[in-house]
Amino acid sequence: MVDFSLYLVTDRTLSLGRSTIDIVRAAVAGGVTCVQLREKKCATRFFIEEARLIKELLTKINPAVPLIINDRLDVALAVGADGVHLGQTDMAAVDARRLIGSSCIMGISVESVADAIRAENEGADYIGISPVFATTTKDDTVEPLGLQGIQAIRAAVSLPLVAIGGITADNTAEVIRAGADGIAVVSAIVGSPSPEDAARALKTQIIASRQHNRASTA
Ligand code: TZP
Ligand code: MG
């Protein structure tokens with residue numbers, strides 16, 4: 001069972017000159033439970049080399065933390081990554097599933113309740129709700145879905161839900177209370193002077209808000 005509670009999405013352009021591998025190492029030390037390698041502009045060979053290094057690192061420091069590759073099934077298959085993450089204009093989920101097989105994790109970004117229901121029907125393992133809040137990290141997002149968007153998707157599907165977009169330690173609690181199983185962040189960790197401390201602060205919020213959810217449903 002994969003723990004999607006604190007999901008790091010990498011971005012070399014926001015890392016203040018630090019390497020992705022150093023960011024990942026620090027973030028995992030701070031409590032990140034899942035890592036997505038997201039490379040929008042680099043040679044395929046570089047992407048594969050980097051993915052292989054990060055897979056080796058995770059296997060060494062915390063084998064329970066899966067490596068998910070953004071968009072590129074070929075890169076995921078080449079390095080034996082744990083999963084792939086696809087958006088609404090990437091390869092269709094049914095085609096991807098045929099290529100990656102049943103044991104590879106497949107995450108799908110959704111921008112509406114209808115997308116979420118389709119992703120569930122098409123064999124996704126988890127859903128990324130995108131974006132929850134406004135963000136400058138990604139420039140082709142739809143209007144933010146907000147906390148109401150999380151609630152509506154929570155009511156429609158039973159897959160694990162990971163919220164992404166504009167999430168910080170200040171709004172993590174409301175995101176979890178709205179029904180997300182986890183948060184995915186780029187800038188809150190990658191752009192922090194201390195990715196380890198940033199991850200730890202987010203984790204603290206997640207744990208506290210889960211306890212709050214449990215207490216209020218008991
Ligand atoms: N997909 C939807 S929003 C987003 C991605 C990759 C970027 C989120 O970045 P940040 O910095 O956590 O707002
Ligand atoms: Mg994509």
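Both counts, for ligands and for their atoms, begin at 1 and track the order of listing. On a predicted model such as this, the values are computed, not experimentally measured, just so you know. Atom set for the values below is all heavy atoms of this structure, side chains included, hydrogens, waters and symmetry mates excluded.
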Tell me: protein heavy atom nearest [atom], and distance?
| atom | answer |
| --- | --- |
| atom 12 (O) of ligand 1 | Val186 N, 2.9 Å |
| atom 2 (C) of ligand 1 | Ser130 OG, 3.1 Å |
| atom 5 (C) of ligand 1 | Lys138 CD, 3.4 Å |
| atom 13 (O) of ligand 1 | Thr135 OG1, 2.6 Å |

If you round to the nearest 0.5 Å, how far is OG1 of Thr20 from CG of Asp11?
->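 One gets 8.5 Å once the value is rounded to the nearest 0.5 Å.
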
Between Arg200 and Glu196, is there a salt bridge with N-O shorter than 4.0 Å?
-> yes

Check ion pair Lys40-Asp71 (N to O, under 4.0 angstrom) | yes

Counting only heavy atoms not in Asp140, do more than 12 fall under 6.0 Å of its CG?
-> yes

Applying a strict 4.0 Å limit to heavy atoms, is Ala188 in contact with ligand 1?
-> no

Return yes when Val9 approaches ligand 1 closer than 4.0 angstrom through a heavy atom, no otherwise.
->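 In this structure, Val9 fails to qualify as a contact of ligand 1 - no heavy atom is under 4.0 Å.
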
Minimum-distance atom from the Mg ion (ligand 2) among N, O or S atoms of Asp90 =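 Relative to the Mg ion (ligand 2), the closest nitrogen, oxygen or sulfur of Asp90 carries the name OD2.
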
Do you know which N/O/S atom name in Asp71 is closest to the Mg ion (ligand 2)?
-> OD1

Which ligand 1 atoms does [X] reach within 4.0 Å, using its non-hydrogen atoms?
| X | answer |
| --- | --- |
| Arg38 | 6 (C) |
| Ser187 | 10 (P), 11 (O), 12 (O) |
| Val185 | 12 (O) |

Ile164 and side chain to side chain contact (heavy atoms under 4.5 Å, CB included): which partner among Ser109, Ser130, Pro131?
-> Ser130

Nitrogen or oxygen of Gly165 less than 3.5 angstrom from that of ligand 1 |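 Min N/O separation from ligand 1 is not below 3.5 Å for Gly165.
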
Does a side chain donor of either Asp3 or Ser5 reach within less than 3.5 Å of an acceptor in the other side chain?
-> yes

Geometric class of the His85/Tyr7 ring pair [parallel <30°, tilted 30-60°, perpendicular >60°] |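 Perpendicular.
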
Indicate yes or no: at least one non-hydrogen side-chain atom of Val24 is less than 4.5 angstrom from one of Ile61.
-> no

